[in-house]
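Since the structure comes first, as structure tokens, the remarks are kept for the end.
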Amino acid sequence: MKGQISIAQFMVTDVRTLSPENEIGFAAGFLMDEAIAGAPVVDGSGELVGILTKKDCFKAALNAAYYGQWGGTVERYMTRNPETLDAATDIVSAAERFIARPYRMFPVLDEEMMVGILTRSDLLRSFLV
């Protein structure tokens, strides 16, 4: 039964992250180069402190267009305290969260530690298996 299958089987565990101190221009280029919609932001101890998406980068891009340069760090533009999923969440419950929210991805936690990220594509793939 699909409702008993955990998202842990389908999440990405090799997660590319950003630091709050990264320059926003670098971070925007990173998202483009990696062809990802966003990335978790972790502090020096590895704790999840936010998420930066391409949509967040548009604010910085508009500033760059107006002032002629990118300015600021990821911390200024990231979404703080992002919604997360627990690694034990079943795929049906995760699908309901994706339907209810506009997010393209959720960081996945296990006992408060980030262990992966689940995207819409990862989750849809789980239903095709």
Side-chain angles (χ1 to χ4, degrees):
M1 180 171 186
K2 296 281 186 193
Q4 298 173 344
I5 301 171
S6 163
I7 63 171
Q9 298 174 49
F10 300 97
M11 69 184 182
V12 173
T13 57
D14 182 23
V15 180
R16 301 295 309 243
T17 63
L18 291 165
S19 163
E21 293 83 24
N22 287 134
E23 290 293 323
I24 191 64
F26 164 83
F30 170 83
L31 296 179
M32 295 300 295
D33 291 346
E34 295 292 322
I36 54 178
V41 181
V42 296
D43 64 15
S45 65
E47 184 177 339
L48 178 68
V49 295
I51 194 161
L52 184 78
T53 67
K54 287 179 181 173
K55 183 177 179 181
D56 296 324
C57 292
F58 277 121
K59 298 171 199 164
L62 289 174
N63 284 339
Y66 185 75
Y67 295 109
Q69 64 182 6
W70 291 81
T73 61
V74 166
E75 185 172 33
R76 178 176 171 191
Y77 296 97
M78 71 182 187
T79 300
R80 297 176 189 281
N81 304 312
E83 287 189 44
T84 62
L85 293 172
D86 186 271
T89 302
D90 65 86
I91 63 173
V92 170
S93 297
E96 290 169 342
R97 285 280 298 279
F98 272 108
I99 289 169
R101 298 288 197 231
Y103 310 129
R104 294 176 184 237
M105 71 188 74
F106 284 100
V108 179
L109 304 181
D110 185 14
E111 296 184 16
E112 302 301 315
M113 290 295 298
M114 190 178 71
V115 293
I117 195 157
L118 185 73
T119 68
R120 290 176 181 173
S121 295
D122 300 326
L123 186 59
L124 186 56
R125 188 174 303 110
S126 74
F127 285 94
L128 297 173
V129 175

When you look at E21 and E75, which way does the side chain to side chain contact (heavy atoms under 4.5 Å, CB included) test go after all the steps?
CA-CA 7 Å; E21 293 83 24; E75 185 172 33; 5.5 Å; no
Let me see the working for I51 and Y103 under side chain to side chain contact (heavy atoms under 4.5 Å, CB included), right down to the final yes or no.
CA-CA 11 Å; I51 194 161; Y103 310 129; over 6 Å; no
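- The two residues L31 and T53 make their nearest non-hydrogen contact at CD1-C, 3.8 Å.
- The backbone N or O of G38 lies less than 3.5 Å from no partner atom in the side chain of R104, so there is not a single donor-acceptor pair.
- Of all non-hydrogen atoms in W70 and I24, the two that sit nearest each other are CE3-CG2, 4.0 Å.
- Counting non-hydrogen atoms of other residues, nucleotides and ligands closer than 6.0 Å to CD of E34 gives a total above 12.
- The heavy-atom pair separating T89 from A94 by the smallest distance is CG2-N, 3.9 Å.
- Using modelled atom types, no side-chain atom of D110 and backbone atom of M113 make a donor-acceptor pair closer than 3.5 Å.
- A donor-acceptor pair shorter than 3.5 Å cannot be found between the side chains of N22 and S19.
- Relative to the ring axis of F106, R97 places its NZ or CZ within 45° and under 6.0 Å from the centre.
- Contact detail for F30 and T17: the closest heavy-atom pair is CZ-O, 4.1 Å.
- For the residue pair M114 and V42, the shortest heavy atom distance occurs at CE-CG1, 4.1 Å.
- For the side-chain contact (heavy atoms from CB on, under 4.5 Å) criterion with P107, the lone passing option out of V41, V115, T84, V15 is T84.
- For the residue pair P20 and V49, the shortest heavy atom distance occurs at CG-CG2, 3.9 Å.
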For L118 and V12, run side chain to side chain contact (heavy atoms under 4.5 Å, CB included): C-alpha distance rounded to whole Å, both residues' side-chain angles, the deciding distance at 0.1 Å, then the answer.
CA-CA 6 Å; L118 185 73; V12 173; over 6 Å; no
From CA spacing to verdict: side chain to side chain contact (heavy atoms under 4.5 Å, CB included), I7, Q9:
CA-CA 5 Å; I7 63 171; Q9 298 174 49; over 6 Å; no
